[in-house]
Amino acid sequence: MNQCPVADPKLCHRRNVVYQIRCTKCNRIYIGSTIRQLHTRVKEHLQSDQSSVKRHLAECHSTSIAVEVLAHDSDEKNLRLREAILIMDGKPEMNAKEEEKVLLSLVRPVK
Ligand SMILES: [Zn+2]
Ligand SMILES: [Zn+2]
């Protein structure tokens, strides 16, 4: 029940981070950001039916993820910008396309 999906206690308690979740079976990735504790956010990804991470793991028949912190920023606006840039560069396969469009509009205004 209390099992930690992040696996690294040093990362667990970090806030204001851009993180990457990788499916260790197929190596597809998801990139997101949170101002809350990483532990809490990753758990949500695994529990919520709305989460593209949970859906992917079900489709992929995978149960294992690897979590990494890609960036840190104490300012929330900067954090979202960093996330958008990392998504633009990394093109994470697991991210929902709609969600991606909203983020990219932060960096590249939609006409
Ligand atoms: Zn944890
Ligand atoms: Zn997978």
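Both ligands and their constituent atoms are indexed starting at 1 by order of listing. Any value given below was found using the heavy atoms of this structure, including those in side chains, with hydrogens, waters and symmetry copies removed.
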TODO: Report the distance from atom NE2 of H39 to atom CG of L11, rounding to the nearest 0.5 Å.
DONE: 12.5 Å
Task: Side chain K43, main chain C4, donor-acceptor under 3.5 Å - done: no
TODO: Carefully, step by step, assess E59 and K54 under the rule salt bridge (charged side-chain N to carboxylate O under 4.0 Å, His left out).
DONE: CA-CA 9 Å; E59 279 165 26; K54 185 179 175 184; over 6 Å; no
TODO: Please note down the angle at the Zn ion (ligand 2) between NE2 of H56 and SG of C26, to the nearest 10°.
DONE: 100°
Open item on the list: Of all the N, O or S atoms in H39, which has the shortest distance to the Zn ion (ligand 1)?
Closed with: ND1
- [ ] May I ask you to check if any N/O/S atom from H13 comes under 2.8 Å of the Zn ion (ligand 1)?
- [x] no
- [ ] Please report the closest heavy-atom contact between I29 and P92, naming both atoms and the distance.
- [x] O-CB, 3.3 Å
